[in-house]
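Take a look at the structure set out below.
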Amino acid sequence: MTLHGCIEAGGTKFIAGIVRDDRTILAETRIPTTTPDETIGRTLHWLKEQACGRIAAIGIATFGPAGVDPSAPDWGCITTTPKPGWQGTDMAGPFAAAFGVPVGFDSDVNGAVMAEARWGAAQGHRMAVYVTLGTGIGGGAALDGRPLRGRSHPEMGHIPVRRDPADGAFAGTCPFHGDCLEGLASGPAIIARWGVPLSDLPPDHPGHTIIAGYVAQLCVTLEAMLSPGRIVIGGGVADTPGLIEAIRAHAAIRAGGYFPGFDPAAIVSPGLGERSGLMGALALAQDASSALP
């Protein structure tokens with residue numbers, strides 16, 4: 001059975017695994033995201049120890065923004081991230097040099113939507129979207145299991161949203177756009193307003209309605225642009241009890257009966273649970289390996 005090195009590179013931690021083609025995880029570790037040299041170095045060392053020269057390819061599903069166009073000079077690199085010290089970091093290069101195997105590289109959410117389309121909650125749907133609600137907000141789309149990309153990967157978390165009237169005084173936390181979706185509905189934006197994560201707010205706190213309404217706007221925008229069969233919503237904020245149901249209810253109202261076939265029940269939690277990111281790295285590794293002549 002073919003083995004792959006799989007890395008879910010997050011802003012707070014890297015999850016690395018040795019994974020078989022059948023998705024069996026043979027070994028796994030978590031490494032805090034500190035400096036690029038330390039984090040990448042520790043991940044390389046662990047993979048070398050575990051792989052013993054047996055892996056066929058490596059997949060990296062990373063936080064971003066990142067260069068995902070193989071023909072561009074910034075392919076495999078972190079680009080305009082606000083994370084201190086990581087702008088311009090070459091992520092793919094050190095792994096390719098150390099192992100001499102193909103490296104698949106994409107955003108974490110593009111990887112996650114590939115995994116959910118192939119093995120998870122979006123199976124059987126030609127068009128699928130994965131949205132993560134966490135430290136940041138991001139989204140990836142896949143058509144027939146392949147991620148949609150242009151010059152770069154989608155940046156769904158940075159769309160403008162219509163303000164909730166009860167939320168007018170908050171400036172937003174995005175250092176680039178202020179009150180874009182990420183600036184209003186990410187984990188740090190929630191804590192900046194109310195001092196605790198969404199899941200710690202009382203059930204009747206208006207924050208639940210405000211955040212659900214913002215995410216519902218994204219879902220209706222995705223319906224208007226892509227008509228996805230599934231919108232999979234993951235990440236730490238999405239674990240808040242009742243949030244998915246509230247997003248569905250808000251999306252039904254905002255859709256206004258306009259979109260033929262739109263069903264809010266298509267907004268779902270990940271079928272792969274917390275493994276969507278690591279299995280996304282597996283999908284990238286498999287595709288990189290199969291692309292060899």
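Computed over heavy atoms, backbone and side chain alike; hydrogens, waters and symmetry mates excluded.
- For R149 and D69, the salt-bridge test fails: no basic side-chain N is under 4.0 Å from an acidic carboxylate O.
- To the nearest 0.5 Å, atoms CG (D263) and CZ (R230) are separated by 8.0 Å.
- Looking at every heavy atom in both residues, A141 comes nearest to L226 through CB-CD1, 4.0 Å.
- Remark: K83 NZ is packed, more than 12 non-hydrogen atoms of other residues, nucleotides or ligands lying under 6.0 Å away.
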Worksheet entry | Steps toward salt bridge (Lys or Arg N to Asp or Glu O under 4.0 Å) verdict (E8, R30) | CA-CA 10 Å; E8 179 187 358; R30 296 178 179 229; over 6 Å; no
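- At a threshold of 4.5 Å between side-chain heavy atoms, the hydrophobic network of Ile, Leu, Val, Met, Phe, Trp and Tyr places L44 and V101 in one connected group.
- Without hydrogens or angle criteria, D90 side chain to G93 main chain gives a donor-acceptor distance under 3.5 Å.
- Rounded to the nearest 0.5 Å, atoms CD1 (I211) and CH2 (W194) are 4.5 Å apart.
- Rounding to the nearest 0.5 angstrom, the gap separating the CG atom in L181 from the CD1 atom in I159 is 5.5 Å.
- Between V113 and A142, the shortest heavy-atom distance links the atoms CG1-CB, 3.8 Å.
- Here the shortest heavy-atom pairing between A189 and G183 reads CB-O, 3.2 Å.
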Worksheet item: Which is it for V232 and V129 under the side chain to side chain contact (heavy atoms under 4.5 Å, CB included) test, yes or no, and what are the steps along the way?
Response: CA-CA 6 Å; V232 183; V129 175; over 6 Å; no
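- To the nearest 0.5 Å, the span separating CG on L222 from CD on Q217 amounts to 12.0 Å.
- G111 and L284 get closest at one heavy-atom pair: CA-CD1, 4.5 Å.
- When side chains are defined from C-beta on, V237 counts as touching L243, because their heavy atoms get closer than 4.5 Å.
- Side chains of V268 and I244 form no contact here, defined as non-hydrogen atoms less than 4.5 Å apart.
- For the pair P147/D106, a side-chain contact is recorded, criterion being any heavy-atom separation below 4.5 Å from C-beta on.
- Side-chain heavy atoms closer than 4.5 Å link hydrophobic residues (I, L, V, M, F, W, Y) into clusters, and following such links, even through other members, never connects V109 to M225.
- In this structure, I191 is not a member of the same hydrophobic cluster as L198, with clusters built from ILVMFWY side-chain heavy atoms closer than 4.5 Å.
- Between the side chain of R193 and the main chain of L184, a donor-acceptor pair closer than 3.5 Å is present.
- Under 3.5 Å, the side chains of E116 and S276 contain a donor-acceptor pair of N or O atoms.
- T24 places no side-chain N or O within 3.5 Å of a backbone atom of R20 that could act as its donor or acceptor partner.
- Between P32 and K13, the closest side-chain pair of non-hydrogen atoms is not below 4.5 Å.
- Ion pair R275/E28 flagged as a salt bridge, since at least one NZ, NE, NH1 or NH2 atom sits closer than 4.0 Å to an Asp/Glu carboxylate oxygen.
- For the pair Y130/P270, a side-chain contact is recorded, criterion being any heavy-atom separation below 4.5 Å from C-beta on.
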Item to complete: Could you walk me through whether I137 and M156 pass side chain to side chain contact (heavy atoms under 4.5 Å, CB included), step by step?
Response: CA-CA 7 Å; I137 294 179; M156 298 178 189; over 6 Å; no
Discussion item. Test side chain to side chain contact (heavy atoms under 4.5 Å, CB included) on V161 and L218; report intermediate values, then the result.
Written reply: CA-CA 8 Å; V161 291; L218 171 62; 5.9 Å; no
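- Between the CZ atom in R42 and the CG atom in D37 there is a gap of 13.5 Å [rounded to 0.5 Å].
- Taking CZ of F63 as the start and OG1 of T132 as the end, the distance is 14.0 Å to the nearest 0.5 Å.
- Taking the six-membered ring for Trp and thresholds of 30 and 60 degrees, F105 and W75 have ring planes more than 60 degrees apart, a perpendicular arrangement.
- One N or O on the side chain of Q123 and one on the backbone of W119 form a donor-acceptor pair closer than 3.5 Å.
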Worksheet item: Should D287 and R118 be marked as a salt bridge (Lys or Arg N to Asp or Glu O under 4.0 Å) after you check the CA-CA gap, both sets of side-chain angles, and the distance that decides it?
Response: CA-CA 12 Å; D287 284 6; R118 296 180 189 189; 2.8 Å; yes
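- Of the N and O atoms on the side chains of T34 and E38, at least one donor lies less than 3.5 Å from an acceptor on the other residue.
- L47 is not connected to I15 by any chain of hydrophobic side-chain contacts under 4.5 Å among Ile, Leu, Val, Met, Phe, Trp and Tyr, and they are in different clusters.
- Relative ring orientation between F95 and F99 is described as parallel, the plane-to-plane angle staying below 30° on a 0-90° scale split at 30° and 60°.
- Classification of D144 and R146 as a salt-bridged pair fails, no side-chain N sitting under 4.0 Å from a carboxylate O.
- Residues T29 and F14 have side chains not in contact (no heavy-atom distance under 4.5 Å, counting atoms from C-beta outward).
- Considering every non-hydrogen atom in both S289 and A56, the closest pair reads OG-CB, 4.3 Å.
- Of the residues listed (D164, D167, T209), the one engaging Y214 in a side chain to side chain donor-acceptor pair (under 3.5 Å) is D167, and it is the only one.
- Counting heavy-atom neighbours within 6.0 Å of H205 NE2, excluding the residue itself, gives a total above 12.
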Worksheet item: Yes or no on side chain to side chain contact (heavy atoms under 4.5 Å, CB included) for I267 and I233, after CA distance, side-chain angles and deciding distance?
Response: CA-CA 7 Å; I267 302 169; I233 300 183; 3.5 Å; yes
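- Connection of L272 to I231 is not established within any shared hydrophobic cluster, with ILVMFWY side chains joined at heavy-atom distances below 4.5 Å, either directly or through further cluster members.
- Taking 4.5 Å as the limit, some side-chain heavy atom of M127 sits within range of a side-chain heavy atom of L148.
- Counting non-hydrogen atoms of neighbouring residues, nucleotides and ligands closer than 6.0 angstrom, the CZ atom of R126 reaches no more than 12 such neighbours.
- The shortest side-chain heavy-atom distance between V19 and L3 does not fall under the 4.5 Å cut-off.
- Closest heavy-atom contact between P65 and T80: CG-OG1, 3.4 Å.
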